[in-house]
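Taking it in order: structure first as structure tokens, then the write-up.
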Amino acid sequence: MDDDVTHVETETRAPSVIDRYYTRWYRTDLKGKPSEDHCILQHSNRICVVTLAETHPILQNGRTIKSINYQISDCCSRLKNKVSGKSKRGGQFLTDFAPLCRITCEAYQVATGNLTILAIIPFTEGYIAVILPKLEESKSITENLLTRDEFEKVVAKRNIFPSQPS
Amino acid sequence: VMLPLKEKDKPLVQKLLSSGCCPRCVLRFQNNSSFINKSQSDADAEQEADEAPPPKRFKPEETELMREEESPVCPVCLGVLQEHCDQTLASKVAEAIKTENYEFDSLVLSVSLPAQLCVREHSCWLHVKTEVRAKSLVLGKDDVIQVKEAFKWNMQSLVSKTLGGAAVVSKSAFEVGVEFVHPDTDKDCHFLATTCSDCFKPTKNKESVFTRMAVVKALEKISDTNFLKHYPCPPPRHSSSCVSRDVQCLHTSVFIAGRYNKFCRSLPQTPWLINGERRMESSVEELIAGPILETFRATGFNFSSSGREDVDVRTLGNGRPFAMELINPHKPKFNRDQIKKIQQEINDSSDKIRVRDLQIVSREAMGRMKEGEEEKTKSYRALVWTEKPIEKEDISFLNDIKELTLDQKTPLRVLHRRALAVRPRVIHSMSSEYRDTHHFYLELKTQAGTYIKEFVHGDFGRTKPNMCQLLQTETDILELDVESVDVDWPPPIPE
């Protein structure tokens, strides 16, 4: 790389922050619900950022999000989780299907820009959760997830044979 | 040379000799430093002149014990003063220093003794204390010359002579250590573990719980009666004496400081390892450390700097202050010209970095680099991309923003190694330089510790406010240079 001369592509966009530092992973039809797809961005430092995939019903048809509730049960709030120190003591442990939050939407309204953080996922603002996998699990954690290519194939098939909402 | 034995010392000396004490230990307990530089044969002659050892009583059925009773090994120093303070050991020390080719002005000789010598010393002290009191001789435990002291007094001049007159002193940056071990240390100390169990807690790095410190502490706690119940008085004879281990040489660390530039966008500051595998072939610290380590012949180093930059960030201007601890330098002394030469060597070895103001500093001065680091300011220049097309006027308002406080949640980029927190950081001033419809240069003067990349791209909204919010469009940072790190240490050195 030539360091002294600055090369700027004016026309095409250079790789984005996500392209540069994160690997995109997907899981489709979560808990068997059609198109409820999640996107997990894994940073090269093993941090995972959980977002909704652009195909998620919440992000379709101009829906807006009314509220996001991180209170999972009476005693478990994802939002009030306090962690301390480098090792993030006090962090909540998660299993495969542990709920992160409940999102309530208003259907068929035109998004009005800055209203919600999730509306522009997975671009520059907002995410559902940040997960720090254990060091020894940081590789295996993505084993059951789809790569971007695999995800695109699933979505393409879905568009040919749309599943019937039950 | 024969020394007249004082009449009042006679009972003490007799008691010590009959316990099997070597002449040097006898003199130690008399608080008599006259054995300095005296050879063992002189001390032997003195002993023979004064007293013949009293006849021993044997228990013929206990052959093992008999052998130990007959053993000529001094039961107090276990041979350390009796047989090890000699030319052989002095030569071994000199050889170790020469083999490693140390350069030094002076050296301090240190000795490590097995812990049970404390037990034996204590036993011997209790033995003579009762005797001494009866003879109304004033003698406290502190008046006994320590084995360590006696060892050093004897060895210092021998080592000095062997090294051709080197200064062997009591304080020096260069330490040469002699370690004695004994096979039965644990056996001799074991009773203390049952009487003072709280003094002996197993630690990860130690082979045995019976460290010298722990044994000294336990001996301070134990009552004389309790001690005498568990351990013989005078100390029992032992068939084998201590053995000396390899001589350890260690020069205290030398600290060197300077400023560095980094001209390369593919060079990490420190070796970059992912899962134990190297990501980049070199690093700033290795490029700097290479010639320094080689010249100082140090065995290792610790690199620290006033902040750090990412692998893809350049550091221009006067550079970033850094300091290095050089561990165990075999050649620790250099003058200004020689240091300048090392600096030149570093600068000649790579175009990726440049060093200036290289100088030897004190350990304390090194602390000044980290001190008040958060209050210092840093200047940056960033190339920013905007999603929406921009005109010059769209970004000119940035020039008017002063003292903007950001709330920075620990960036995702470093969250794996830094605590989660919201850190307020101040951008003192900004200026923009328009480049084209999607790019501009942003110059920033900020409080140290501000994460610039995150300020520009927003880090998923974790840094607020961020450039995306200020410009109402997605923004990204394509290039970043550190223009100055405003720390006035180390002092500049004229070229």
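Every chain is numbered from 1, with letters handed out A, B, ... down the list of sequences. Computed from heavy atoms alone, side chains included, the values below leave out hydrogens, waters and symmetry copies.
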Heavy-atom side-chain proximity of B/Val284 to B/Arg320 below 4.5 angstrom: no

B/Leu444 side chain reached by B/Phe455 side chain, heavy atoms, under 4.5 Å: yes

Portion of A/Val17 that has a non-hydrogen atom of chain B nearer than 4.5 angstrom: both

Check: B/Phe460 ring centroid to A/Tyr22 ring centroid under 6.0 Å: yes

Side chain / backbone / both / neither for B/Asp481 at chain A, heavy atoms under 4.5 Å: neither

Residue B/Arg413 versus chain A: region with a heavy atom under 4.5 Å: both

Positions in residues 418-426 of chain B that reach chain A, provided some heavy atom is under 4.5 Å away: B/Arg418, B/Ala419, B/Leu420

Partners meeting side chain to side chain contact (heavy atoms under 4.5 Å, CB included) with B/Thr473 (sequence neighbours left out): B/Thr386, B/Glu387, B/Lys388, B/Leu471, B/Thr475

Side chain to side chain contact (heavy atoms under 4.5 Å, CB included) against B/Glu495, all qualifying residues, sequence neighbours excluded: B/Gln343, B/Arg354, B/Arg356

ring-ring contact (aromatic ring centres under 6.0 Å, His included) against B/Tyr451, all qualifying residues, sequence neighbours excluded: none

Short side-chain donor-acceptor distance under 3.5 Å, A/Thr28 and A/Arg158: no

